[in-house]
Protein chains: 2
Amino acid sequence: MSDLAIPPRPTLAAVAELAGVSASTASLAFSGSGPVSAATRERVLAAAEQLGYGGPDPRAAALRRGRSGVVGVVMEDRLADAFRDPINVAMLDGVADEAGAAGAGLLLLTESGGEVGQLTSAPMDAAILVGCSTRLDESVDRLRRRGLPVVAIEADDREGVLTIGLDNREASAAGAEHLRSLGHTSVAVVALPLDGTGGGTPLPADWESRATVHTTIERLRGLRDVYPDFPGVVATGSTIEAGMDAGRELLALTPRPTAIVAQSDLLAVGVLRAAEEAGLRIPHDLSVIGFDGIRPELVRPWDLTTLVQPAQEKGRAAGAAVVRLLAGETPEPACFRCALHVGATTGPAPSVR
Amino acid sequence: MSDLAIPPRPTLAAVAELAGVSASTASLAFSGSGPVSAATRERVLAAAEQLGYGGPDPRAAALRRGRSGVVGVVMEDRLADAFRDPINVAMLDGVADEAGAAGAGLLLLTESGGEVGQLTSAPMDAAILVGCSTRLDESVDRLRRRGLPVVAIEADDREGVLTIGLDNREASAAGAEHLRSLGHTSVAVVALPLDGTGGGTPLPADWESRATVHTTIERLRGLRDVYPDFPGVVATGSTIEAGMDAGRELLALTPRPTAIVAQSDLLAVGVLRAAEEAGLRIPHDLSVIGFDGIRPELVRPWDLTTLVQPAQEKGRAAGAAVVRLLAGETPEPACFRCALHVGATTGPAPSVR
DNA sequence: CGGTTCGATCGAATCGATTCGAAGTGTCCG
DNA sequence: CGGACACTTCGAATCGATTCGATCGAACCG
């Protein structure tokens with residue numbers, strides 16, 4: 001515990017001198033690229049050992065190489081919020097898989113982070129935008145100006161950005177279709193935040209023009225494709241608590257909806273708890289459908305009807321895209337598809353039973 | 001989607017030239033530190049705008065300044081595993097809070113990541129070691145040689161490393177004491193991994209000498225302080241599934257233990273499910289105690305008796321320590337305390353009822 | 001009206017490694 | 001025995017910004 005101070009670090013030049021070789025040779029010995037005799041390498045390594053040299057300074061190497069081996073993962077919210085939803089974790093896992101395999105570290109950034117913005121000052125080779133929205137334009141702009149390749153997950157197609165998409169609209173429509181086929185005519189929605197602010201309010205009629213979060217809009221559109229008109233609540237985030245709050249509000253509506261569409265599984269679980277609290281039987285009195293397909297154990301004891309998205313695959317695709325982009329290739333944008341899992345939380349509408 | 005190629009980036013020198021000032025002045029204009037007339041700043045900024053200059057290259061700035069504004073967070077496992085346990089997420093959240101406030105980004109690294117090791121080649125100013133074990137020595141060594149301040153969370157005290165601790169042993173003992181006061185004489189443990197490998201096996205008698213994960217050892221010691229002898233299973237990780245597997249095994253023992261000590265709440269939930277599966281009533285037939293104190297909703301419907309650790313605080317402390325270390329100060333090591341939350345999963349031992 | 005002081009701007013050195021072409025040393029073959 | 005070739009090693013330029021001391025002007029004061 002005593003000596004946390006950092007002693008002056010020896011440089012490659014110092015090592016080279018001690019080893020009796022030039023700096024360039026020493027560099028070759030470390031990087032491994034280039035022809036260096038075994039004996040020389042030994043000598044350099046020994047000198048490094050003797051001086052307590054820990055290898056080339058990544059900062060200098062990054063400057064010279066023009067690469068820092070870091071991929072930025074940009075999230076809008078506080079990091080905690082981002083980690084709170086298992087679907088993000090799964091996705092991040094996929095990213096880490098691919099990027100990590102290529103030797104890149106993941107730098108977690110928030111759009112709001114820092115004063116001038118970490119986006120501008122963080123050393124990275126490329127960026128992955130996650131859960132994009134309002135500030136996306138600004139973020140993309142900042143990143144592009146820095147000359148960084150940008151991959152966005154679930155965002156509008158836009159110039160200079162490779163998009164990894166999800167069939168949010170079609171999937172939502174499929175879910176809604178499932179409800180309609182069960183005879184539901186009165187459905188309500190618990191929407192994800194529209195624009196990163198507030199929430200906890202009724203879904204405004206002009207959501208389509210007001211909302212800025214791509215995912216939220218698309219999922220709402222999908223629902224509207226089947227049910228032209230529906231009431232709803234905007235959740236404060238993708239959490240069980242937010243889902244409960246929203247669920248309570250929707251269940252207090254008159255007439256009470258016979259089905260609730262939640263835009264994430266966590267929200268759905270919250271709704272289910274609110275329903276339970278209200279003494280409703282699922283799916284007898286109320287059908288609930290989620291979105292994401294997080295691990296079943298987290299939804300337990302319910303077998304949630306939901307749209308299962310290949311989150312980890314999505315992450316992998318983003319990670320792989322970044323890697324290829326950095327390699328100078330031009331990967332194709334991708335769009336993943338969800339699968340409807342019909343569980344035990346949806347059933348025939350009460351009125352038609 | 002068309003132009004993902006990266007056009008050659010203008011440099012500060014180019015901007016300076018266009019603005020008709022020297023590079024040094026342009027630098028001042030951007031960094032804001034130093035006296036620059038408003039007019040000049042305007043001109044420089046305008047020139048930057050015109051050239052599409054996105055600000056100083058962080059790599060070059062990092063080299064010159066000797067700072068990259070990045071704090072490495074080193075985890076042993078795959079990232080996904082680390083995120084899987086909410087307690088880690090909470091802790092990471094704390095770290096992000098403090099580090100983020102100081103303008104630092106979080107670089108996620110794994111000890112095994114990359115070939116030569118990201119630990120050696122990642123640009124960062126300091127490192128926080130999380131969930132440390134076997135490879136800790138090597139990791140610390142590598143980092144220290146690079147001259148980086150190192151903060152370790154829950155690790156043995158060691159030279160050159162600032163430790164943020166937790167009273168794992170005392171807390172575990174308190175939990176065990178709680179069980180003993182309820183009359184339990186036959187307790188079993190579901191241990192966290194001993195050394196990052198395998199698991200899913202009975203707890204070996206020589207765990208104390210074999211195990212390398214600090215947290216696991218300390219918690220086992222705490223239990224032994226109260227119960228000198230106990231059977232156990234080593235889980236494959238801190239997950240509900242692993243807890244279920246371990247729970248099934250322990251419940252199959254003869255005689256069946258009347259209480260099970262799980263070394264994490266997720267494991268405890270798994271044990272509870274295994275108990276439920278076996279038709280046991282909680283706490284009538286079996287008492288279960290966890291460790292961590294993750295959010296109650298995740299443990300629902302149980303009110304788990306557990307040792308609540310201030311995970312986020314721990315993270316904040318680590319983050320704050322790193323920030324202070326980087327500021328040249330010498331923060332004190334800290335040790336946090338757990339609080340026993342007596343829930344509804346522990347009760348009098350069957351035999352004494 | 002000259003000297004002083006303060007503020008803005010500039011030059012040049014520096015951070016620490018990487019890289020490419022050139023030079024040096026042996027070896028092998030004709 | 002001389003020339004070509006292979007393999008190492010070395011020098012020097014470069015990556016792009018930051019920073020410190022010096023310079024230059026102008027305003028201010030006596």
Side-chain angles (χ1 to χ4, degrees), chain A residues 6 8-44 47-48 51-69 116 120-125 145-148, chain B residues 6 8-44 47-48 51-69 116 120-125 145-148:
Chain A
I6 40 183
R9 223 177 132 258
T11 68
L12 181 59
V15 173
E17 190 181 12
L18 178 59
V21 299
S22 73
S24 33
T25 301
S27 174
L28 271 331
F30 272 101
S31 68
S33 64
V36 184
S37 73
T40 306
R41 190 197 320 282
E42 285 302 308
R43 208 138 34 82
V44 173
L51 259 47
Y53 180 73
D57 185 330
R59 284 182 279 258
L63 172 59
R64 180 63 239 238
R65 288 210 163 111
R67 282 286 167 82
S68 48
V116 283
T120 310
S121 64
M124 51 185 171
D125 300 334
R145 282 163 86 94
R146 282 184 55 187
L148 300 177
Chain B
I6 40 184
R9 222 178 133 259
T11 68
L12 181 59
V15 173
E17 190 182 13
L18 178 59
V21 299
S22 73
S24 32
T25 302
S27 173
L28 271 332
F30 273 102
S31 68
S33 63
V36 184
S37 73
T40 307
R41 189 198 321 283
E42 285 302 306
R43 207 139 34 83
V44 172
L51 259 49
Y53 179 72
D57 185 330
R59 284 182 280 258
L63 171 59
R64 183 61 238 242
R65 289 209 161 111
R67 282 287 169 80
S68 49
V116 282
T120 310
S121 64
M124 49 185 171
D125 300 333
R145 283 163 85 94
R146 280 184 54 185
L148 300 177

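Naming: A, B, ... by sequence-line order, numbering from 1 per chain.
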Would you check if the side chain of [X] reaches a backbone N or O of [Y] as a donor-acceptor pair within less than 3.5 Å?
X: A:R146; Y: A:T120; value: yes
X: A:R43; Y: A:A19; value: yes
X: A:R67; Y: A:D125; value: no

In whole angstrom, what separates [X]'s [atom1] from [N]'s [atom2]?
X: A:L28; N: C:dG16; atom1: CG; atom2: C1'; value: 16 Å
X: B:L51; N: D:dG16; atom1: CG; atom2: C1'; value: 15 Å
X: B:F30; N: D:dG16; atom1: CZ; atom2: P; value: 15 Å
X: B:L12; N: C:dG11; atom1: CG; atom2: C1'; value: 15 Å
X: B:D57; N: D:dC15; atom1: CG; atom2: P; value: 12 Å
X: B:R67; N: D:dT19; atom1: CZ; atom2: P; value: 12 Å
X: A:E42; N: D:dT8; atom1: CD; atom2: P; value: 15 Å
X: B:L63; N: C:dT18; atom1: CG; atom2: P; value: 12 Å

Side chain of [X], heavy atoms from C-beta onward: which of [options] has the nearest atom to it?
X: A:V36; options: D:dT9, C:dT19, D:dG16; answer: D:dT9
X: A:R64; options: C:dT19, D:dT18, D:dT9; answer: C:dT19
X: B:T40; options: D:dT19, C:dT18, C:dT9; answer: C:dT9
X: B:P35; options: C:dA17, C:dT9, D:dG16; answer: C:dT9
X: B:R65; options: D:dA17, C:dT18, D:dT19; answer: D:dT19
X: A:A60; options: C:dC10, C:dG16, D:dG11; answer: C:dG16

Check [X] against [Y] and note the closest heavy-atom contact, atom names and distance.
X: A:R145; Y: B:A48; answer: NH2-O, 4.0 Å
X: A:M124; Y: B:R59; answer: O-NH1, 3.7 Å
X: B:P58; Y: A:S121; answer: CB-O, 3.3 Å

Determine: side-chain N/O of [X] to OP1/OP2 of [N], distance under 4.0 Å, yes or no.
X: A:T25; N: D:dT9; result: no
X: B:S37; N: C:dT9; result: yes
X: A:Y53; N: C:dA17; result: yes

Does the side chain of B:R64 come within less than 4.5 Å of B:S27's, by heavy atoms?
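Side-chain contact under 4.5 Å: no.
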What distance do B:D57 atom CG and B:R9 atom CZ have between them, rounded to the nearest 0.5 Å?
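Interatomic distance, B:D57 CG to B:R9 CZ, rounded to 0.5 Å: 5.0 Å.
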Quick one: label A:S24 by what it contacts on the DNA or RNA (base, sugar-phosphate, nothing), any heavy atom closer than 4.0 Å.
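A:S24: base contact, heavy atoms under 4.0 Å.
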Contact list please: residues 14-21 of chain A against DNA chain C, heavy atoms, distance less than 4.0 Å, in numerical order.
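Contacting residues: none.
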